[in-house]
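These notes are about the structure you will find just below.
All residue numbers in this chain count up from 1 along the given sequence. Computed from a prediction, not measured in an experiment: that's the story for all the values here.
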Amino acid sequence: VLTMPVGLISIASYIVITSILTVIKKRSNKLSWYVEMELINLAVALLFTIPLAGFISKYDYMQPPFINYLLGLTISSVVFADIFRRAGIIDAKSSDADGNFERILLFIFVMALQWQYLFITLAGMFIYRLIRYRKFDITWVLSPAIGIGFAFLWFILMKNFLI
């Protein structure tokens with residue numbers, strides 16, 4: 001992508017747009033403003049990813065389904081962690097590494113239709129949190145539920161060639 005003018009212009013444009021959106025996003029502490037800006041960021045990412053996927057597949061080894069898979073994987077971990085921070089569900093200074101890793105695994109197993117590994121991950125996550133934190137928190141349910149729900153949505157969108 002970076003060896004061709006179309007790719008360079010697209011990447012540069014995407015970086016400029018997302019930088020502007022990131023600066024605008026920080027100007028308000030309202031959750032609704034933040035969610036709207038994240039949805040705009042997602043729309044921009046999709047607008048760049050979907051048309052470029054055909055271009056990339058002609059000139060690169062990466063194929064559109066894999067690119068869309070990586071986009072979904074990123075959204076399932078990073079975007080939801082940011083929303084959890086903004087909503088006050090997790091501490092704003094928390095790295096949320098546990099939740100990110102958990103949602104990544106759940107996404108992978110749902111996309112691969114590996115139900116046994118999905119349930120092993122859920123059980124392992126619960127046992128880990130029980131040993132480490134010992135006090136139940138809403139994220140114990142919310143994070144995996146959103147991770148699995150989003151993964152199913154992404155799976156349906158990819159299988160029906162909507163992304």
Side-chain angles (χ1 to χ4, degrees), residues 1-26 31-87 89-90 94-122 124-125 139 141-163:
V1 173
L2 296 177
T3 61
M4 304 187 140
V6 172
L8 285 171
I9 292 168
S10 298
I11 297 295
S13 300
Y14 180 73
I15 289 170
V16 168
I17 291 170
T18 54
S19 297
I20 291 169
L21 289 173
T22 301
V23 170
I24 292 171
K25 181 170 57 174
K26 291 181 179 180
L31 179 61
S32 61
W33 171 264
Y34 182 78
V35 170
E36 289 171 12
M37 294 309 293
E38 280 299 324
L39 290 174
I40 291 170
N41 261 327
L42 176 60
V44 169
L46 289 173
L47 286 174
F48 275 88
T49 303
I50 294 170
L52 277 178
F55 173 79
I56 291 170
S57 67
K58 290 179 188 173
Y59 301 101
D60 201 352
Y61 64 92
M62 293 176 67
Q63 296 297 308
F66 182 65
I67 294 168
N68 291 335
Y69 178 86
L70 291 177
L71 180 61
L73 189 67
T74 303
I75 292 167
S76 71
S77 63
V78 177
V79 172
F80 290 114
D82 263 358
I83 291 171
F84 290 165
R85 271 189 210 92
R86 281 290 186 155
I89 296 170
I90 61 173
S94 166
S95 67
D96 189 38
D98 298 342
N100 284 346
F101 184 65
E102 160 195 301
R103 287 187 302 277
I104 287 170
L105 286 176
L106 295 174
F107 183 88
I108 291 168
F109 296 141
V110 167
M111 294 298 285
L113 302 176
Q114 294 294 317
W115 309 121
Q116 69 275 20
Y117 294 117
L118 180 82
F119 292 119
I120 290 169
T121 300
L122 288 171
M125 177 262 333
T139 59
V141 175
L142 188 61
S143 181
I146 287 177
I148 292 170
F150 176 76
F152 274 118
L153 174 66
W154 203 256
F155 180 81
I156 291 168
L157 291 172
M158 284 189 68
K159 288 298 178 190
N160 291 309
F161 302 105
L162 297 174
I163 54 168

Could you tell me the separation between the [atom1] atom of [X] and the [atom2] atom of [Y], rounded to the nearest 0.5 Å?
X    : Y    : atom1 : atom2 : result
I20  : I15  : CD1   : CD1   : 12.0 Å
N100 : F84  : CG    : CZ    : 9.5 Å
T121 : F109 : OG1   : CZ    : 4.5 Å
M125 : L106 : CE    : CG    : 7.5 Å
I108 : L118 : CD1   : CG    : 11.5 Å
I148 : S76  : CD1   : OG    : 11.5 Å

**OP:** Just say parallel, tilted or perpendicular for the rings of Y69 and F66, cut-offs at 30° and 60°.
**Re:**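 It falls in the parallel class, under 30°.
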
Original post:
So, S143 and E102: side-chain donor and acceptor under 3.5 Å apart, yes or no?
Top reply: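 Yes, E102 and S143 have a side-chain donor paired with an acceptor closer than 3.5 Å.
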
Original post:
Do you know which of Y117, F150, W154, F152 makes side chain to side chain contact (heavy atoms under 4.5 Å, CB included) with V110?
Top reply: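 Option passing the side chain to side chain contact (heavy atoms under 4.5 Å, CB included) with V110: F152.
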
Original post:
Residues in side-chain contact (heavy atoms from CB on, under 4.5 Å) with V44, at least two apart?
Top reply: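 V44 satisfies side-chain contact (heavy atoms from CB on, under 4.5 Å) with Y14, I17, L21, I40, F48 only.
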
**OP:** Decide yes or no on side chain to side chain contact (heavy atoms under 4.5 Å, CB included) for L157 and N68, but give the supporting numbers first.
**Re:** CA-CA 10 Å; L157 291 172; N68 291 335; over 6 Å; no

Original post:
Is the closest side-chain heavy-atom distance between L105 and F107 below 4.5 Å?
Top reply: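 Sidechains of F107 and L105: no contact.
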
Original post:
Between R103 and G147, is there a donor-acceptor pair closer than 3.5 Å when you use the side chain of the first and the backbone of the second?
Top reply: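 Flag not set: sc R103 to bb G147 has no pair under 3.5 Å.
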
